[in-house]
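Below is one structure, written out as structure tokens, with a few remarks after it.
Chain A is the first sequence line, chain B the second, and so forth, proteins listed ahead of strands; every chain is numbered from 1. We use all heavy atoms of the structure for the numbers below, so side chains are in, but hydrogens, waters and symmetry mates are not.
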Protein chains: 2
Amino acid sequence: MATPPPDGSVRAAGIREVARRAGVSIATVSRVFNARSTVQPGTRDRVLEEARAVGYSPSPLGRNLVRGRSDLLGVILPNTGFPLYGAVLRGIEDTIQTSGMSVLLASSRDDAEVEIRAVQHLLRHAVDGCIVVNSRAGSGLPSERVYVHIAPEDPAAPHRVELDNVRGGELAAAELLAGGARCPAYVGAPGRESAERERGFVTRMAAAGRQVYHVPGDYSEDSGLRAGMALPAEVDAVFVAGDLMAAGVLRALHQQGRRVPTDVTVVGFDDSLIAPLLYPRLSSVRQPAHDLGVAAGRLALSVIAGTAGPDVVITPELVRRESSIRVPSPRPP
Amino acid sequence: MATPPPDGSVRAAGIREVARRAGVSIATVSRVFNARSTVQPGTRDRVLEEARAVGYSPSPLGRNLVRGRSDLLGVILPNTGFPLYGAVLRGIEDTIQTSGMSVLLASSRDDAEVEIRAVQHLLRHAVDGCIVVNSRAGSGLPSERVYVHIAPEDPAAPHRVELDNVRGGELAAAELLAGGARCPAYVGAPGRESAERERGFVTRMAAAGRQVYHVPGDYSEDSGLRAGMALPAEVDAVFVAGDLMAAGVLRALHQQGRRVPTDVTVVGFDDSLIAPLLYPRLSSVRQPAHDLGVAAGRLALSVIAGTAGPDVVITPELVRRESSIRVPSPRPP
DNA sequence: TTGTATGCGTTATCAC
DNA sequence: GTGATAACGCATACAA
């Protein structure tokens, strides 16, 4: 048959090769693969047949160049290694890969400057859109493309997916009150999320006539340990803004000989995978990271398609474990 | 609304615009940005000046098309959400982003078929190379591009980065023996890694005249719980192939009223972030996931550059905590 | 319905 | 050292 070009065997077959074999123009081949306009069924089948024969499918590279967009979705995480973000990432990936898209990854390191640079980098790669987790730059991002924000600091950022943190705080308050809390404390952290959790917690506690001690932290276990040590002696119930920090609080209480949940009840936040492993098992307000990722992926897909769906607010639930169940026991004098 | 056509005002300046303003040809502009051949300092400065003025830098899209490769590195993880893999991912990212590359993500779900499809997908995007974690397909991957394997099942896979699992088993054995182990058990899992850990463990134990009970598991906490329950009464030391599974073992021992480390000493594997949170704090053979990622990133970079470095074997260390130190427990369960 | 021709933004190969 | 110009693989306006 036709003499193949010297390097023909190695090089992946292109649109030209398929067109030649099917006896049509490359435009027709392109049309077949871009189900936009109509192609005569016979021609179409012939093209598909030959394409399959040579293992052809349109190269993303050429396609990207001419369309000015890729089938890539940029995802910007504060820290790629943090388990919670890993779960979000997986939710995103699970969702978008069914529509043939892929994730291009970047990190922001909780720094607005770095975040913006990362976004610019992704934009240069013509990502169809970006999902930004815990954005610091918020609406200050280059505006040429689609964004979906998961729990951004900026309350004005568009296309949001987030947890109802206020509600989370209320749930924690209700749980601790049910456990007989008389003197509650909140171990918080910087940022909007913690502030909202605290608001819900304090409001609900105030409604029950309780005032809340505020103890600062930074989500780290160590800061939880310090916070736990600094807890006033009269505190008998603690709501902690994050599970890892709660691990520190539990340890501090332990070291002080204060029994959980007998003397002090504790509720964490996130319901991360460490919660059921702690001693005692930690009750926690569940932050469904995977669901957040799924919702963000869906929203991104719809915004990219032009059918902008509404923002998503996920309602948290409380996962009750040992740390908040005040077992009846002889009270020490 | 449908995707808006790129409006002229926002459109990024291209190589032509820069060439025009600098009064040179586009070839010269290209040369300036590809520090390959030489350009007269004066011309060079003028080009750089104008490029900065219009905010130009070469578009990855055009560049990818003509070079047949991107500045993307494919990373294939069994499961994006698993913390250990998250740490690996971060190590990779930290390393390659300093050379301007980005991570294109994919999942294999521990399935050779899925893994191969993922690789093909990445290949079509012209990734410069792939890092595959815990590959099931091994050397059966399409061979047209660079691969770096982190802990592949296939012992024949090229460009490997992995932990010395045998050594890890030896370390665990030594630790348990130092704690007075007389009757040790190993809680394992399917796969090459666990088998190697067991080999090191058994060998070292045999040298000390100890025989090892084998109990099967699958890395899950639940399987650890079951394994812990199935442990023969005479066992006084347990080495568990993974920390999460070790959490299950600890809980089972707890429930049986067997005190750790007083009655039974325990050593886990991975030294994941849950190890220091368990009760008692778990001694564990450290698997430096971040370091593995860094090493893989470096190796990938070098292989892509053509200077294939040697394979990397990382030597594990034992992190000693409470669970392996046989002393009277301060606080009974 | 189909083919022709142009352009996407860049690099690389030639000449000069 | 520098400038034309031909690819790269594809989508699409326009013509037929």
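Comparing the end axes of the helix from dT1(C)-dA16(D) to dC16(C)-dG1(D), each fitted to five base pairs by superposing C1' atoms of four pairs onto the next four, gives an inter-axis angle of 40° (nearest 10 degrees).
Whole-Å rounding puts the Gln40(B) CD to dG3(D) P distance at 11 Å. Separating the CZ atom of Arg44(B) from the P atom of dT2(D) is a distance of 11 Å, rounded to the nearest angstrom. Between the P atom of dC8(C) and the CD atom of Glu17(B) lies a distance of 13 Å, rounded to the nearest Å. Rounded to whole Å, atom P of dA11(D) lies 13 Å from atom CG of Leu61(B).
Scanning for salt bridge (Lys or Arg N to Asp or Glu O under 4.0 Å) contacts around Arg31(B) gives an empty result, with sequence neighbours left out. Residues passing the salt bridge (Lys or Arg N to Asp or Glu O under 4.0 Å) test with Arg52(A) are Glu49(A), sequence neighbours excluded. With sequence neighbours left out, the ring pair (Phe, Tyr, Trp, His ring centres under 6.0 Å) criterion links Tyr85(B) to Phe82(B).
Residue Leu65(A) is classed as a base contact, given a heavy-atom separation below 4.0 Å to a base.
Between Asp110(B) and Arg136(B) there is a salt bridge, since at least one side-chain N of the basic residue sits less than 4.0 Å from a carboxylate O of the acidic one. Salt bridge status for Glu93(A) with Arg90(A): absent, with no side-chain N to carboxylate O gap under 4.0 Å.
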Steps toward side-chain hydrogen bond (donor to acceptor under 3.5 Å, both in side chains) verdict (His121(A), Ser102(B)): CA-CA 9 Å; His121(A) 181 81; Ser102(B) 303; 2.6 Å; yes

Footprint string (nucleotides 10-16 of chain C, 5' to 3'): B base within contact, S backbone only, - free, heavy atoms under 4.0 Å: BBB----

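At least one side-chain nitrogen or oxygen of Thr43(A) sits closer than 4.0 Å to the OP1 or OP2 atom of dT2(C). Under 4.0 angstrom from either OP1 or OP2 of dG3(D) there lies at least one side-chain N or O belonging to Thr28(B).
A side-chain donor from one of Ser57(B) and Arg124(A) sits under 3.5 Å from a side-chain acceptor of the other.
Within the structure, every pair that satisfies the side-chain hydrogen bond (donor to acceptor under 3.5 Å, both in side chains) test and touches residues 288-312 of chain B, not counting sequence neighbours, is listed here: Asp94(B)-His290(B).
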